[in-house]
Amino acid sequence: YESGKPIDPAQVELTMELHRLLRVDTLHYRKEGDYLIGDKTVEEPHSFDIHLLARYGGKEYRWTYPSYEGRTEMSDEALQSSGAVVENAGPARIRTLLKANGRVTPNEDRMKHVTPRFAGVIRELRKRLGETVVEGEVLAVIESNESLRPYELKSSLAGTVIEKRGVPGEFVKEGDVLYTVADLSTVWVDLDVYRADFPKVKTGQEVTVDAGEDIPKVKATLAYVSPVGALHAQTLLARAVLPNPEGVWRPGLFVSGEISSEEAEVPVAVKASALQTFRDWTVVFVRKGDLLEIAPLELGRSDGEWIEVLSGLSPGQAYVSEGSFIVKADVLKSGATHDH
């Protein structure tokens, strides 16, 4: 207005600069009806210092004011004391992970069935379920039905008794299994792969096995993939051999596995630990000097550790990779939000 009357927008030359944390956006305005309209959209987040320049009647008019959203200020010392870590976004190898459920089973290549050579009557059973045996140890004594003389059944493998059948005085036939002994220093992890993933699974692929609770995850390699599928379940067996020196991987445990089926190099990726939610965005906190601010991201592939960034972050840009929840809490505490 001038002297109480509206100014013709065509007589005003208006430019607006939005000084964001990492760039400057410039908007030029033109007349449309009885107002001025900018030549581009103001992108989210609306966090910037606004610089306005208007020319009218041979004079210049300038205004500057801040409008911040999702921004806070933290020094190196403050970040370090909070446990936050800052690093630069860059390329990474993203693995495509296939999820499968399964179970721990004894390694059948390291398992022996103890059977009588001759039919007869059980006179002694010297081991109980779960007990350990050494190679050559006597497990049972059988009285032969032919000679009526006792003979010993010995274990040909050092391991653990995982199956026991029969009682003293009972008759057993030749070939009946009295004991099953397994060397549990290695076990099999048998995973059921879904039908849609059959073509993606091959021997030699890395798999991360998780039993949950207090057992740490471990990495292994697929040693066997069945050439045939399970008729009723429509799944495929994929097997890994897992070292088990401490005996924590007990046969019968249900487990889940993540099979790494392929790897791809992506130009920009961030650590999964960096991601936070802000409003309805997935964001990381980028840093310039002591200032930190949200950067909404468009994300691509993920392997649980690294996530591909399709847009929203440039290679080499510093971001908070660990402890980002501390920065988010500081933003919320400072009230650096933006109403719409």
Side-chain angles (χ1 to χ4, degrees), residues 1 7 9-32 35-80 82 84-90 267-268 270 274-299 309-321 323-340:
Y1 286 80
I7 295 172
Q11 299 179 19
V12 178
E13 182 185 341
L14 180 64
T15 302
M16 180 169 67
E17 290 183 348
L18 304 177
H19 290 246
R20 298 179 180 271
L21 187 65
L22 303 177
R23 69 176 195 271
V24 176
D25 296 339
T26 302
L27 287 78
H28 301 283
Y29 286 79
R30 58 178 173 78
K31 178 182 177 181
E32 185 169 299
Y35 57 88
L36 292 167
I37 187 169
D39 60 355
K40 63 181 68 172
T41 301
V42 178
E43 297 177 359
E44 298 269 20
H46 291 169
S47 186
F48 28 62
D49 290 293
I50 301 171
H51 294 250
L52 285 162
L53 169 62
R55 295 186 177 89
Y56 170 72
K59 295 182 180 180
E60 289 187 352
Y61 303 87
R62 296 179 183 270
W63 300 267
T64 301
Y65 61 93
S67 175
Y68 301 142
E69 179 179 20
R71 180 182 289 193
T72 191
E73 187 173 350
M74 296 180 74
S75 65
D76 288 334
E77 292 76 12
L79 285 169
Q80 186 174 1
S82 69
V85 177
V86 176
E87 55 187 278
N88 295 333
V268 186
V270 295
L275 299 183
Q276 294 290 332
T277 56
F278 192 92
R279 285 175 46 196
D280 55 351
W281 302 315
T282 299
V283 305
V284 295
F285 287 93
V286 295
R287 189 180 191 215
K288 183 179 180 181
D290 287 348
L291 296 177
L292 298 113
E293 186 174 280
I294 58 169
L297 303 180
E298 181 185 357
L299 301 174
V309 177
L310 301 176
S311 66
L313 198 63
S314 302
Q317 175 60 54
Y319 74 101
V320 181
S321 60
S324 56
F325 63 93
I326 298 291
V327 181
K328 179 179 178 179
D330 202 65
V331 167
L332 297 176
K333 181 177 66 177
S334 66
T337 59
H338 182 75
D339 293 328
H340 288 260

Worksheet item: Under a 4.5 Å cut-off applied to non-hydrogen side-chain atoms, are Val309 and Val284 in contact?
Response: no
Fill in: Minimum heavy-atom distance Leu36-Lys31, with the two atoms named
CD2-N, 3.8 Å
Worksheet item: From Tyr319 OH over to Asn88 CG, what is the distance, rounded to the nearest 0.5 angstrom?
Response: 8.5 Å
Fill in: Student check: side-chain heavy atoms of Tyr65 and Leu52 closer than 4.5 Å
yes
Worksheet item: At what distance, to the nearest 0.5 angstrom, does CG of Asp290 lie from CD of Glu73?
Response: 5.5 Å
Worksheet, complete the sentence: Taken to the nearest 0.5 Å, the spacing of Thr15 OG1 from Arg55 CZ works out to 6.5 Å
Discussion item. I need the minimum non-hydrogen distance between Gln276 and Phe325, along with the two atoms involved.
Written reply: NE2-N, 3.3 Å
Discussion item. Is any side-chain heavy atom of Tyr56 closer than 4.5 Å to one of Glu13?
Written reply: no
Response to the item:
Heavy-atom nearest pair, Phe285 first then Gly70, reads CE2-O, 4.2 Å
Practice prompt. Enter the distance from Glu293:CD to Arg20:CZ here, rounded to the nearest 0.5 Å.
Written response: 8.0 Å
Practice prompt. Looking only at non-hydrogen atoms, find the nearest pair between Ala295 and Gly312 and report the distance.
Written response: CB-O, 3.9 Å
Practice prompt. Take Phe278 and Val331, measure what side-chain contact (heavy atoms from CB on, under 4.5 Å) needs, and give me the verdict at the end.
Written response: CA-CA 10 Å; Phe278 192 92; Val331 167; 3.9 Å; yes
Worksheet item: Are any of the side-chain heavy atoms of Trp281 and Pro45 separated by less than 4.5 Å?
Response: yes
Fill in: CD/Glu87: more than 12 non-hydrogen atoms of other groups inside 6.0 Å
yes
Worksheet item: Within a strict 4.5 Å, meaning less than it, do heavy atoms of the Leu79 and Arg287 side chains meet?
Response: yes
Practice prompt. Using a cut-off of 6.0 Å, state whether more than 12 heavy atoms not belonging to Lys59 lie near its atom NZ.
Written response: no
Worksheet, complete the sentence: When every non-hydrogen atom of Leu313 is compared with those of Val268, the smallest separation belongs to O-CG1, 4.0 Å
Item to complete: Measure the CZ-CZ distance between Phe48 and Arg23 for me, rounded to the nearest 0.5 Å.
Response: 10.0 Å
Worksheet item: Side chain of Ser324, backbone of Val320: donor and acceptor closer than 3.5 Å?
Response: no
Worksheet item: Looking at CD of Gln317 and CG of Leu22, how far apart are the two atoms once the value is rounded to the nearest 0.5 Å?
Response: 4.5 Å
Worksheet item: Can you find a pair of side-chain heavy atoms, one from Leu18 and one from Ile50, that are under 4.5 Å apart?
Response: yes
Worksheet item: Does some side-chain heavy atom of Leu297 sit less than 4.5 Å from a side-chain heavy atom of Thr282?
Response: no
Discussion item. To check you understand the geometry: which heavy-atom pair defines the closest contact between Asp39 and Thr26, and what is its length?
Written reply: OD1-O, 4.4 Å
Worksheet item: Can any side-chain N or O of Glu69 pair as donor or acceptor with the backbone N or O of His46 at less than 3.5 Å?
Response: yes
Practice prompt. Taking the side chain as every heavy atom from C-beta outward, state whether Asp49 and His51 have any atom pair closer than 4.5 Å.
Written response: yes
